[in-house]
Amino acid sequence: MTLTFLNIFIAVVIAIAFVAANAAYLVWCERKGAGFIQRRPGPTENGLWGLLQPPVDGIKLMTKQLMIPGGVDKIVFIIAPVLAMFPTIISFVTIPFSDQIVAHNMNIGLLMIFVFGSMSAMALLMAGWSSRNKFAMISSVRAVSQAVAYEIPMLVTTITVVMIAGSMDLMEIVHKQGGGFWHWNIWPLQNGLFNVLMPFSFLIFFICSLAETNRAPFDLGEAESELVAGYHTEYSSMGFGLFFMGEYANIVIGACLTTILFLGGWDCPFGLFPGVWWFLLKIYFLIFTFIWIRWTFPRTTIYSLLNLSWKVLIPISLFNLLLTAGLLKVF
Amino acid sequence: MIIETVTSQLLELFPEYAQATEHVVEIVALEEQPSPEAKKGKKEQLVTRQNGLKNCSYDACGYHLDLQLSTGQLLAATALLFKNGFFLETITGVDWIKEKQLEAVYDFSRYDFDLCRVVVRTRVPRENPAIPTITGIYSGASWHERETHDFFGIKFQGHPHLIPLLLPEDADFHPLLKDFKA
Amino acid sequence: MTEPIVLQPDETFVLNVGPQHPATHGVLRVKMTMDGEYIYNAETVIGYIHRMHEKMAENRTYSQYLPNLSRLDYLSAMAYSHGYVLAVEKAAAIEVPERAEYIRAITVELNRISSHLVWFGAFVLDLGGFSPLMYAFDDREQILDLLEGITGSRLTYCYFRFGGIYNDIDEDFIQGTRQFIKRMRKALKMYRKLVTTNIILIKRLKGIAPVSVDMCQRYGATGPVARGSGINYDVRKNEPYSVYSDFDFDVPVFTECDAYARYNVRMEEMEQSLRIIEQGLDKLPDGPVNPEKKPKAIKLPPGDYYSTVEAGRGSFGIRIVSDGDKNPYRLKLRTPTFSNMHLFDEACRGMLIADALAFMGSLDLVIPEMDR
Amino acid sequence: MYRYFSEIFSGLWSLIVGMRITLVEFFKPNITLHYPHQTVKMPARYRGHIELIADEEGKPRCVVCGMCEKACPSGCITLEGEKPEGSKKKVLTSYKLDFTKCSLCGSCVDSCNFGAVEYSKEYNLASTRKEDYHFDLLKRLEDRHS
């Protein structure tokens, strides 16, 4: 028993370190990616290729004054950024990076991630509500309606995968997809099911994770040109820093989940060099796609976002759920 | 041609000339532009122009019809222009300090190829400059009138929101008046 | 698409957009009375960078006032200077050599493209897409380099003089412009693929912010705003000035009245401007660029003169009232954005804030020009 | 139904096309210039602030006619000259340019009939003090020729 707790403690520490390092260097990646897409070099001045930029930025953020504007709901205002960061770190505990590297595998790991994932929407709502700022307020309301709208197709597609695997254990889901490239859930061939809708399911899940993490083109919550900075308008110093890190940590979680559910986790495509790097390769490719998308498209509006969710994503994912259930019954 | 239609319609605003239009319509030809009065000096300029319609040379001054009228006729003329498909280019003022008058100038133009630019002017005494607003006809006149009010202090009677537009909210000066000293 | 909704006037709050707000591109303030995310009422407050250009005109000679014109609309400064020099030349009956007029037309059109490129980038940035801005600025940079090569400055050109231009163009400019035309055609194709046909952008702009013909007439909207509402009005065609009657170009008109139509008008306009520049370079006559006797101290005969040109944002009118002195007695600048922005208050009622800001972007605002 | 699906597919296609364009741009070389490390060469006609031109002896060509002073819209030029004993021409004794007011319009150069002023190519002008922009052009000319 104590061993398990120690295990979890160490895992959380490692997770925090992983998340912090990722968040910091994803900002660097984002800036470099944006730079190259826009044909400029991105950060270059600090260190080689600007690699020292993230620590410098971190120090800058930490040394700044933490401003609490007058008239805010202080308790909620302070809790919100913590709440934005904390659930994402917890979620890392159950994510399996490979056969061995997992902090604490649970048979309901998937459920747990979703439960903690929904909490970030609450953090945004709290931040927006407590800030006493109309822009923040509008932004947080947007963020919540967006989170609710996108939770549904995301869960429906997840259920499809869970039905195929027959388990909510993330390890189990990956194991079911073992055996090479064509066995991954993204392809229609897996497990002998000829479910042609699986690639679309993957796409739906990917879009939903974009929306869940408030990434462009679904970054309505912090729509810069409309709502200034959205829910974190009033935050300064590390309050802002935590939101920022939380956002990037969420991206990593989204990429991890997509990899586990659809891209076969750490499974190597053609039996080449099996190992944890395949997992990392896959999530970083997905993260690159996140960045790539962000710097390509304009932002949607709230109604086209909801239209997309309710009129396109939910019907298709529901249909896929039905189809998969039918196919599972037949084969 | 729109110029003829508008001319005949505008002339109805001046019933005293309705029969004898040739009294009102003077043709200012291009070669006459640097008129002999101009060279004689500014004294001649002080002769205030009578209200009426002037046909101008587009090549020389950039508009076809130049209509000066009393403040009472303004709304009728504007409504008439609106009906004929004119849009409001701008409203501005001129301070004729020697004549102790302020002039409001309205520019109208058309979107189609039947080119006709109409200038409508009306003069009011400097002590009590009041002109009826045309915002009821041209909603876009609102800002132009506010701007003219800012700069010249012309009060547009009936304007729904006559507060400073370009000047600070508490501005009580009118910078384009010739006797304005900063 | 927004469905018409019934707004509750007693459940509103006031949202103060600006004077410092990312979407206003300068210091413009819109007091929006909101019902949730819907705008119940809006009141635009302008004048934050009002500089009283018209009073300055009264205290300066005609030629001293020239630099002021490029400070009105810093993005298409050429067109405004053009309007001013044309007005004075018309009034003072100054002959302009043909070559000078051609060079004026070429530079004005180059400047129009650069202005539209900034609008394009900033508009897509308003909609949340960042990269097109950078691509647009890259292309614009070529124009600025070309214009810097002949005028000596990058933004606030003071290139036109009464009766001619400051300096003749050189072979480098002609070659560079020809290359730029080729490059720009390619770039426009890329923008069409990257942005114009993008489903997110189409969903975002189609049917948004209708501006009817009637509204245009009442507010005196001109330029791409009017042309996006199906009004075929372009001063270059309606009242051909300078040498524009020598060029063969189309006026893009879209009848959808929405933000997408206004977007398309400007994108098409860039292509038409390229056509004009190309023809201008082909037809460019030889000869002097300034009249033999440079007019020094300009005095206009007493009278009232009005002149219009098509600037980047619509028709720019200039009224000079002269009393025969060396300074203008009164000089009025009719700037297009002033009228175009005015209709925002009426048109944005019942719109979502996101759409209203997209609408504002589609009006292509340059605040210094509006405030003068 | 057909429209529903065709819209989805054409929409998706437009997104893919967009992503392909940005990916191509990703691998293209940079176009920016690293400003403090690299600088652009100013074109020959670049209009910086004005500078006096010297004649062969290193004296200013200026004849103190005051045309530039009159032409300047912002009144940033003040010049003084005096007639030395026995000379017909005036000699420039001070030529001050208040660069804080200058809008680089070039009216002064245009108005000069003696070719005595030109544009400098300086653009790296930054200071936190206003006085740094009150240029004494005569002194600058002497410094260049000494």
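Below, read A as the first sequence line, B as the second, and so on, with proteins coming before strands; counting in each chain starts at 1. All values below were derived from every heavy atom in this structure, side-chain atoms included, with hydrogens, water molecules and symmetry-related copies excluded.
- Between His144(B) and Phe338(C), the angle of the ring planes lies from 30° to 60°, which puts this pair in the tilted group.
- Looking only at heavy-atom pairs under 4.5 Å with chain B, the residue among Arg330(C), Arg334(C), His342(C), Glu346(C) that has the most is His342(C).
- Among Ala226(C), Gly317(C), Cys216(C), the residue making the largest number of heavy-atom pairs under 4.5 Å with chain B is Cys216(C).
- The number of heavy atoms from other shown groups lying within 6.0 Å of NZ (Lys326(C)) does not exceed 12.
- In this structure, Thr92(B) and Arg319(C) approach most closely via the heavy-atom pair CG2-CD, 4.0 Å.
- With respect to Arg372(C) and Glu147(B), a salt bridge is recorded, a charged nitrogen being found less than 4.0 Å from a carboxylate O.
- Both the backbone and the side chain of Thr44(C) come within contact range of chain B, with heavy atoms under 4.5 Å apart.
- Taking OG1 of Thr90(B) as the start and CD1 of Ile318(C) as the end, the distance is 11.5 Å to the nearest 0.5 Å.
- A salt bridge does not link Glu89(B) with Lys332(C): every distance from a Lys NZ or Arg NE/NH1/NH2 to an Asp or Glu carboxylate oxygen is 4.0 Å or more.
- Shown here for Val321(C) and Val94(B), the closest heavy-atom pair between the two residues is CG2-CG2, 4.0 Å.
- For Met341(C), the parts lying near chain B are the backbone and the side chain together; criterion is any non-hydrogen pair under 4.5 Å.
- Expressed to the nearest 0.5 Å, how far CG of Asp214(C) lies from OG of Ser139(B) amounts to 7.5 Å.
- Proximity to chain B at a heavy-atom threshold of 4.5 Å picks out Ile46(C), Gly47(C), His50(C), Met52(C) from residues 45-53 of chain C, in numerical order.
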Step by step, work out the ring pair (Phe, Tyr, Trp, His ring centres under 6.0 Å) result for Tyr233(C) and Phe87(B). CA-CA 12 Å; Tyr233(C) 180 70; Phe87(B) 73 90; 5.5 Å; yes
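- Residue Glu43(C) places its CD atom among more than 12 non-hydrogen atoms of other residues, nucleotides or ligands, all under 6.0 Å distant.
- Between Arg121(B) and Asp304(C), the shortest heavy-atom distance links the atoms NH2-OD2, 2.5 Å.
- No other option in Val235(C), Leu300(C), Asn232(C) has as many heavy-atom pairs under 4.5 Å with chain B as Asn232(C).
- For residues 107-117 of chain B, the interface with chain C (any heavy-atom pair closer than 4.5 Å) comprises Asp107(B), Ser109(B), Arg110(B), Tyr111(B), Asp112(B), Phe113(B), Leu115(B), Arg117(B), sorted by residue number.
- Note: Leu166(B) leads Asp150(B), Ile163(B), Leu166(B), Leu167(B) in heavy-atom pairs under 4.5 Å with chain C.
- Contact between Gly140(B) and Tyr219(C) at its shortest, heavy atoms only, is CA-CD2, 3.3 Å.
- Within the 4.5 angstrom heavy-atom criterion, no atom of Ile134(B) approaches chain C.
- Of all the listed residues (Trp143(B), Phe82(B), Phe86(B), Tyr63(B)), the one sharing the greatest number of non-hydrogen pairs under 4.5 Å with chain C is Trp143(B).
- Ranked by heavy-atom pairs under 4.5 Å with chain C, the list Leu176(B), Leu88(B), Val119(B) is led by Leu176(B).
- Between Pro175(B) and Lys55(C), the shortest heavy-atom contact is O-NZ, 3.0 Å.
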